[in-house]
Amino acid sequence: MAYKDVYDAWKADPEKFWMEAAEEVHWYKKPSKALFDDKAPIYEWFSDGLTNTCYNAVDRHVEAGRGDELAIMHESPITHATKGITYKDLQKRVSSLAGALKMRGVEKGDRVIIYMPMIPEALEAMLACARIGAIHSVVFGGFAAHELAVRIDDCTPKAIIAASSGLEPNRVVHYKPLLDQAIDMAEHKPEFCVIFQREQEVARLIEGRDFNWHGFQYGVKPADCVPVEGNHPAYILYTSGTTGAPKGVVRSTGGHLVALNWTMKNIYNIDVGDRFWAASDVGWVVGHSYICYAPLIKGAQTIVFEGKPVGTPHAGVFWRIIQNQRVKSFFTAPTALRAIKREDPNGEFIKRYKLHDLQAIFLAGERADPDTIKWAQEKFGVPVIDHWWQTETGWAIAANPLGIEELPVKIGSPSVAMPGYDIDILDEAGHPVEPGELGAIAIKLPLPPGTLQTLWNAEDRYRKSYLTTFPGYYETGDAGIKDEDGYVYIMARTDDVINVAGHRLSTGAMEEVLSNHPDVAECAVIGVADELKGQMPLGFLCLNAGCTRDHADIVKEVVRDVRNEIGPVAAFKLACVVDRLPKTRSGKILRGTMVKIADSQPFKMPATIDDPAILDEIKVALQGLGYAKE
Ligand code: COA
Ligand code: AMP
């Protein structure tokens, strides 16, 4: 079947389409139907089925006789370690950890926070939670203690599973002190913590609260998989919104299993036993879906990579792993390829390795710039597929579904809507625009299986953030275009979310930190264009009247504050002091106009601007930082 046939088949009978897809996963009790719409516009999938994610991702492959095949390869160029875990090993390790969690009182529906670097134990912790129906929430290691505390208070975990340390190329990330600080800051206290002690750092444990990973499991009875309902939350993953408070995306079990399983073959062309690698981090949605769950649900081999695209030790590390692990489909962020291209423009490292198993490269997480795509196409001679999705959706909204049909690539477009997604481009009044016209990208409800069911503890926020602006649609927060052939083009965010090196960040959260500085009266943070990272945050500070302190000191302090409060991942390094901020007459800060000035783009003077002269002051300040070139 061609893509069009598959998409049309879904559109003609979505219920049949998803019930057929559901046949591919294991159910203890099959669902009576796919879509449950009695609470519309809140939709659920496969609610009355009973299943278990860990059974689907681990046990069923062992039972099918594939226990000796590799499930996970750990590649850590930072520690020089390479280690393989078979499906049988994984089953043993996960059921043991699950048994220990259960013995300590973790039950179906309890939350467990996981704060770990890129080691296989992170996946084991996720799967152990899934095994007993506990709801995990993985927090990215690049977040500071305060961000971890916010998540502890929001999802109130019974337990936290962490590692003693993570390893960045230039430093050891001391997870344990960050964890201790976060627990001190949070109002909610977990009952206990499980700490995986790494060789590189043995953390001090707090007696009575902290358990050593191995000791914790010693002598316990391994746990079996607990059947859970299709609509039981599999996990909560926090993502940035417009305000400083992160949104807890809730993914439910049945839809997650069915959708991810469908994508492995149809989008990534991965079959049972194939080798797949997503070079992301388990703290992000790409890591949840494509490092941990989807490859294992499919019965493929996944790779846990602890390193960077460059500098660990060189710009050929990706290609070395692809060669050695015989990777068939590789998924990374455009920024990683840009970093490699900058160090190795002629692809000298690429020539050193035999990459004949590699059949496709997939890119997502941010806009894929044409230069990078063309470079990769030329250097690898395989399809380079841009695809577009979000934490909220959990899998691709638009892609080029290689396992169905390789569609012509239009550079600059992540291609076409996947089955389940009916994409419209809307004007401000919510009417579809003509092909080729720019508008807000919205998806007709219901969203397909595997997408967010709601926001944790915040159904109202879910409705307000996504379902209210365009009734009958899910608002993606992205603006773009759809052409005559149905190819979409993602142009910009419609909110204050920015994308730094494929990491989604909230400028609102950074503004909250800046405005807490005692000398700052008012502030704004914008995302400016960056050749390597796509965007970089840049802050404007208006100081309190009478403040005579050196501006450079204040800038240093706010940079430190953002690092301490949000974390190094925010990459907040640029700020300047200005007298005033440009605003509309009603007092709204003109962030969009400041972005255009910074990026040296033409802009229309906003009709509602209060004082146009301020824009000249902003331009001078930006020029002082090397932006707003003539
Ligand atoms: N734990 C702790 N700190 C982390 C971290 C983690 N897991 N990940 C990143 N950081 C820190 C880095 O050490 C760095 O700190 P520094 O300011 O002390 O140098 C900061 O956060 C910014 O990190 P990063 O965005 O990785 O930038 P970089 O300059 O170190 O590397 C790239 C640049 C392009 C190589 C890197 O951003 C990259 O690999 N990007 C791909 C991202 C990706 O795969 N995203 C997946 C989304 S799909
Ligand atoms: P995240 O939730 O971190 O995955 O970030 C999702 C956001 O990243 C989207 O809403 C887009 O703004 C952006 N994004 C992701 N993939 C792409 C892509 N292929 N092209 C353009 N933007 C993308």
Side-chain angles (χ1 to χ4, degrees), residues 115-118 122 139-144 163 165-175 178 237-241 247 249 278-291 305-312 315 317-318 331-343 362-369 373 385-399 412-415 441 452 475-480 488-495 497-505 530-536 559 562-563 566-573:
Y115 189 49
M116 296 182 102
M118 286 299 288
V139 178
F140 177 61
F143 282 124
S165 63
L167 302 167
E168 283 293 290
N170 51 357
R171 70 200 148 88
V172 173
V173 184
H174 308 286
Y175 276 66
L178 291 171
L237 178 57
Y238 288 89
T239 190
S240 301
K247 298 171 176 171
V249 163
S280 178
D281 188 287
V282 283
W284 307 118
V285 68
V286 175
H288 279 63
S289 294
Y290 292 108
I291 295 174
F305 171 68
E306 185 178 40
K308 298 272 173 180
V310 293
T312 58
V317 69
F318 277 6
F331 181 161
T332 189
T335 193
L337 287 192
R338 285 197 294 273
I340 293 170
K341 178 169 138 242
R342 195 163 73 169
E343 290 215 354
F362 287 85
L363 300 175
E366 55 169 334
R367 185 176 164 270
D369 55 290
I373 296 190
I385 306 295
D386 181 13
H387 61 326
W388 167 60
W389 50 298
Q390 313 181 305
T391 304
E392 288 84 344
T393 65
W395 60 283
I397 308 166
S413 165
S415 302
I441 314 183
L452 80 172
E475 184 184 6
T476 64
D478 284 314
V488 293
Y489 294 77
I490 316 303
M491 311 303 282
R493 289 288 301 188
T494 56
D495 54 14
V497 165
I498 59 171
N499 200 313
V500 180
H503 306 139
R504 173 167 159 184
L505 300 166
D530 182 80
E531 255 187 32
L532 174 65
K533 298 196 176 190
Q535 282 183 302
M536 284 288 268
V559 166
V562 173
R563 194 178 171 90
I566 298 179
V569 68
F572 181 82
K573 300 201 167 133

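Every number for a ligand or one of its atoms is a count from 1 in the order of the listing. Scope of the values below: all heavy atoms of this structure, side chains included, with no hydrogens, waters or symmetry mates.
For ligand 1, the atoms lying closer than 4.0 Å to a non-hydrogen atom of Val286 are 48 (S). Below 4.0 Å from some heavy atom of Pro309 lie the following atoms of ligand 1, by number and element: 35 (C), 39 (O). Every atom of ligand 1 is numbered from 1 in the order shown, and the set under 4.0 Å from a heavy atom of Gly502 is 47 (C). Near Thr335, meaning under 4.0 Å from one of its heavy atoms, ligand 1 places the atoms 34 (C), 40 (N), 41 (C). Close contacts between ligand 1 and Gly142 involve ligand atoms 1 (N), 2 (C), 3 (N), 4 (C), 5 (C), 6 (C), 7 (N) [criterion: under 4.0 Å to a heavy atom]. Atoms of ligand 2 found under 4.0 Å from any heavy atom of Gln390, numbered from 1 in the order shown, are 2 (O), 4 (O), 6 (C), 10 (O). Atom numbering of ligand 1 starts at 1 in the shown order; those under 4.0 Å from a heavy atom of Phe140 are 5 (C), 6 (C), 7 (N), 8 (N). Numbered from 1 in the order shown, with element, the atoms of ligand 2 that lie under 4.0 Å from a heavy atom of Asn499 read 8 (O), 13 (C). Atoms of ligand 1 lying under 4.0 Å from at least one heavy atom of Val569, given by number and element, are 21 (O).
At least one heavy atom of Gly365 sits less than 4.0 Å from an atom of ligand 2. Proximity of His503 to ligand 1 is established by a heavy-atom distance of less than 4.0 Å. Residue contacts with ligand 1: Ala279 is included, with a non-hydrogen atom under 4.0 Å away. Contact annotation: Lys533 has at least one heavy atom less than 4.0 Å from an atom of ligand 1. Not a single heavy atom of Met118 sits closer than 4.0 Å to an atom of ligand 1.
At a 3.5 angstrom cut-off on N or O pairs, Asp478 counts as close to ligand 2. The shortest N/O to N/O separation between Thr332 and ligand 1 does not fall below 3.5 Å. Residue contacts with ligand 1: Trp284 is placed with no nitrogen or oxygen under 3.5 Å of a nitrogen or oxygen of the ligand (distance criterion only). Checked by distance only, ligand 1 and Lys573 come closer than 3.5 Å through their nitrogen or oxygen atoms. For ligand 2, the polar-atom distance check finds no N/O of Glu392 at less than 3.5 Å from any of the ligand's N/O atoms. Close N/O approach between Tyr175 and ligand 1 is not found [any backbone or side-chain N/O within under 3.5 Å].
When side chains are defined from C-beta on, Ile498 counts as touching Val500, because their heavy atoms get closer than 4.5 Å. Side-chain atoms of Trp388 and Ile441, non-hydrogen and from C-beta on, do get closer than 4.5 Å to each other.
Regarding atom 16 (P) of ligand 1, its nearest protein heavy-atom neighbour is Arg563 NH1, 3.7 Å. The single protein non-hydrogen atom nearest to atom 1 (P) of ligand 2 is Thr391 OG1, 3.4 Å, given as residue, atom name and distance. Protein heavy atom closest to atom 46 (C) of ligand 1, with residue, atom name and distance, is Ser280 OG, 3.4 Å. If you check which protein heavy atom lies closest to atom 5 (O) of ligand 2, you get Arg504 CD, 3.5 Å. What sits closest to atom 43 (C) of ligand 1 on the protein, heavy atoms only, is Ala333 CB, 3.9 Å. Among protein heavy atoms, atom 19 (O) of ligand 1 sits closest to Asn170 ND2, 4.0 Å. Among protein heavy atoms, the minimum distance from atom 20 (N) of ligand 2 is reached at Glu366 O, 3.4 Å. The nearest protein atom to atom 14 (C) of ligand 1, hydrogens excluded, is given as Arg171 NH2, 3.9 Å; this is a heavy-atom distance. In this structure, the protein non-hydrogen atom closest to atom 6 (C) of ligand 2 is Trp389 O, 3.6 Å. For atom 5 (C) of ligand 1, the closest non-hydrogen atom on the protein side is Glu168 OE2, 3.4 Å. For atom 42 (C) of ligand 1, the closest non-hydrogen atom on the protein side is Ala501 O, 3.3 Å. The shortest contact between atom 26 (O) of ligand 1 and any protein heavy atom is with Lys308 NZ, 2.7 Å.
Remark: the backbone N or O of Thr476 is paired with a side-chain donor or acceptor of Gln390 at under 3.5 angstrom.
Ring orientation note: the planes of His387 and Trp389 are tilted relative to one another, at an angle of 30° to 60°. Between Trp284 and Phe140, the ring planes lie tilted relative to each other; the angle falls in the 30° to 60° range.
Atom OG1 of Thr335 and atom CZ of Arg342 lie 9.0 Å apart (nearest 0.5 Å). Distance check, rounded to the nearest 0.5 Å: CZ of Arg563 to NZ of Lys573 gives 6.0 Å.
When distances from atom 36 (C) of ligand 1 to the protein are checked, no heavy atom turns up under 4.0 Å. Within the 4.0 Å cut-off (strictly below), a protein heavy atom is located near atom 28 (P) of ligand 1.
Residue Pro568 touches ligand 1 through backbone and side chain together, judged by heavy-atom distances below 4.0 Å. The residue Arg338 has no part lying near ligand 1, judged by heavy-atom distances below 4.0 Å.
For the side chain to side chain contact (heavy atoms under 4.5 Å, CB included) with Phe305, the qualifying choice from Ile291, Val317, Asp281 is Val317, the only one to do so.
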